[in-house]
Amino acid sequence: MESARIVGALTRMLRDLGRAEELAQDALLEALERWPTDGVPDRPGAWLMQVAKRRALDHLRHHAMHASKEGELSWEMDNMLGTSISFRDPAETAALAGEAAGEIDDDVLRLIFVTCHPVLSAEARAALALKLLGGLATGEIARAFLVPEATVAQRIVRAKRTLAEARVPFEVPRGEALTPRLASVLQVIYLIYNEGYSASAGNEWLRPTLCREALRLGRVLAGLMPDESEAHGLVALMEIQSSRERARTGPDGEPILLMDQDRSRWDRLLIGRGLAALERAGRLGALGPYALQAAIAACHARALTPEATDWARIAALYDALAQLLPSPVIELNRAVALGMAYGPAAGLALADTLQGVPALRNYHLLPSVRGDLLSKLGRHAEAKAEFERAASLTQNERERTLLLERARTSTPAVER
């Protein structure tokens, strides 16, 4: 969580994204070395920022930078932290009265727009942002995009080099330059959120910290662009999805799927905020892809019981979404909605047409959805085989356990 803020702050100071990331990593490594013996500081974020500042100054001295530049850097960093501190002893930061958090947040927002600059390919933008903003390892990003780890590593290295060669300014674009960058920024924020909402790998099904950071960034962006419908649509989607966090896992962290969740545990405050953001998106124009997904989430949020869910409306919203943003994943979600609204045979007919789609060949949710629909049709042997195939494809241990249990019982379930 602190890494993105530190990288953002150092990039603003050094105007060198690659070097900023290296120095931020150095600061984090120093924390790993010192905290086990010295103890965790009262203000760990400030401690890390102070170490990063000292290393940035050492870097400038090493390269014989102008004395005035060093003074400017020291002044800016001290001003950002809210007080002047000796950079000789990081422990002194425990005495800080406070941080200028807004400016640090602005640095993260600037970092989002840098990583989403049009000089980079869409794939490179997403990979770099997930690395720097989401804190994901290269292997996790590769699994999220279903590509080899080496491919992601190359994308990240090339992206940094491209940004350096293009001398991309570390700033949030203004005026007419802002809108064209919005779609890419929204996509990256949503990718970070999705990785938190359903972790692509590991022992935990959820990564709440990623969800909260993506939601925070979305709120900042919506505040920056109050007239952009899709900025509010994305915030609405994340607010409503986040409202289920407490109900999505059991006492031991095991997944609880949507239709089995205790809806009394859903956060009504987040639902209210999400519905308000969705209403704002609607007032600003026709609903875009994020707002349509938020409208789907709102159908679930308004239903006090699973039986009260308006599946026909959800299916219609997926129809609209598929026309606006054709995607095999959207079609798969539409198959789930059709199965719930008009019977499992209708959903299976659509899901079956997706089996030959290359993008879904190793996508575990396709056999998972087919297994659910087959189970409802009483075709239990086929359902068992599909759940077992889904379990073999997922990289998340919690999800694998759930799918194997479903293979054993063929119990109906729906998520999202």
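Numbers here are sequence positions counted from 1. For the numbers below, each heavy atom of this structure counts, side chains included, while hydrogens, waters and symmetry mates do not.
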May I ask you to check whether [X] and [Y] show a side-chain donor-acceptor distance below 3.5 Å?
X: R125; Y: T115; result: no
X: E149; Y: T138; result: no
X: Y290; Y: Q187; result: no
X: D262; Y: S264; result: yes
X: H364; Y: E399; result: yes

Looking at [atom1] of [X] and [atom2] of [Y], how far apart are the two atoms once the value is rounded to the nearest 0.5 Å?
X: D227; Y: R283; atom1: CG; atom2: CZ; result: 11.5 Å
X: I156; Y: L132; atom1: CD1; atom2: CG; result: 7.5 Å
X: R246; Y: I256; atom1: CZ; atom2: CD1; result: 13.0 Å
X: L17; Y: L111; atom1: CG; atom2: CG; result: 6.5 Å
X: T151; Y: I141; atom1: OG1; atom2: CD1; result: 12.5 Å
X: L217; Y: L234; atom1: CG; atom2: CG; result: 10.0 Å

Taking all non-hydrogen atoms of both residues, which atom of [X] and which atom of [Y] are closest, and how far apart?
X: R268; Y: R263; result: NH1-O, 4.4 Å
X: L278; Y: A291; result: CD1-O, 3.5 Å
X: G218; Y: V235; result: O-CG2, 3.3 Å
X: L23; Y: A56; result: CD1-CA, 3.8 Å
X: A391; Y: L404; result: CB-CD2, 3.6 Å
X: L393; Y: P367; result: CD1-CG, 4.2 Å

May I have the step-by-step check of salt bridge (charged side-chain N to carboxylate O under 4.0 Å, His left out) for R334 and D319, ending in yes or no?
-> CA-CA 7 Å; R334 191 162 74 90; D319 285 339; 2.9 Å; yes
Answer yes when [X] and [Y] have at least one side-chain N-carboxylate O distance shorter than 4.0 Å, and no when they do not.
X: E382; Y: R370; value: no
X: E239; Y: R273; value: yes
X: E171; Y: R110; value: no
X: E245; Y: R248; value: no
X: E30; Y: R54; value: yes
X: R408; Y: E405; value: yes

Before giving the answer on side-chain contact (heavy atoms from CB on, under 4.5 Å), spell out for L402 and R398 the whole-Å C-alpha distance, their side-chain angles and the decisive distance to 0.1 Å.
-> CA-CA 6 Å; L402 173 67; R398 296 283 188 177; over 6 Å; no
In the structure I gave you, are the side-chain heavy atoms of [X] and [Y] within less than 4.5 Å of one another anywhere?
X: E228; Y: L284; result: no
X: K376; Y: M340; result: yes
X: L403; Y: S368; result: yes
X: L221; Y: L182; result: yes
X: H300; Y: W311; result: yes
X: Y197; Y: S242; result: no
X: V188; Y: L130; result: no
X: V369; Y: D372; result: no

Could you walk me through whether I240 and L270 pass side-chain contact (heavy atoms from CB on, under 4.5 Å), step by step?
-> CA-CA 6 Å; I240 296 172; L270 288 178; over 6 Å; no
Any donor and acceptor pair, going by atom type alone, linking the side chain of [X] with main-chain N or O of [Y] inside 3.5 Å?
X: T401; Y: E397; value: yes
X: N396; Y: A199; value: yes
X: S184; Y: R181; value: no
X: D16; Y: G18; value: yes
X: H232; Y: P226; value: yes

Evaluate the side-chain contact (heavy atoms from CB on, under 4.5 Å) criterion for residues L128 and L163: first the C-alpha distance (whole Å), next the side-chain angles of each, then the deciding distance (0.1 Å), finally the verdict.
-> CA-CA 11 Å; L128 186 60; L163 290 173; 3.7 Å; yes
Stepwise side-chain hydrogen bond (donor to acceptor under 3.5 Å, both in side chains) check, Y190 with Q293 = CA-CA 12 Å; Y190 190 44; Q293 292 178 75; 3.1 Å; yes
Checking side-chain contact (heavy atoms from CB on, under 4.5 Å) for the pair L237/Y193: CA distance, chi angles, key distance, verdict?
-> CA-CA 10 Å; L237 175 59; Y193 184 84; over 6 Å; no
Mark yes or no: R244 above the aromatic ring of W266, with NZ or CZ under 6.0 Å from the six-membered ring centre and no more than 45 degrees from the axis.
-> yes
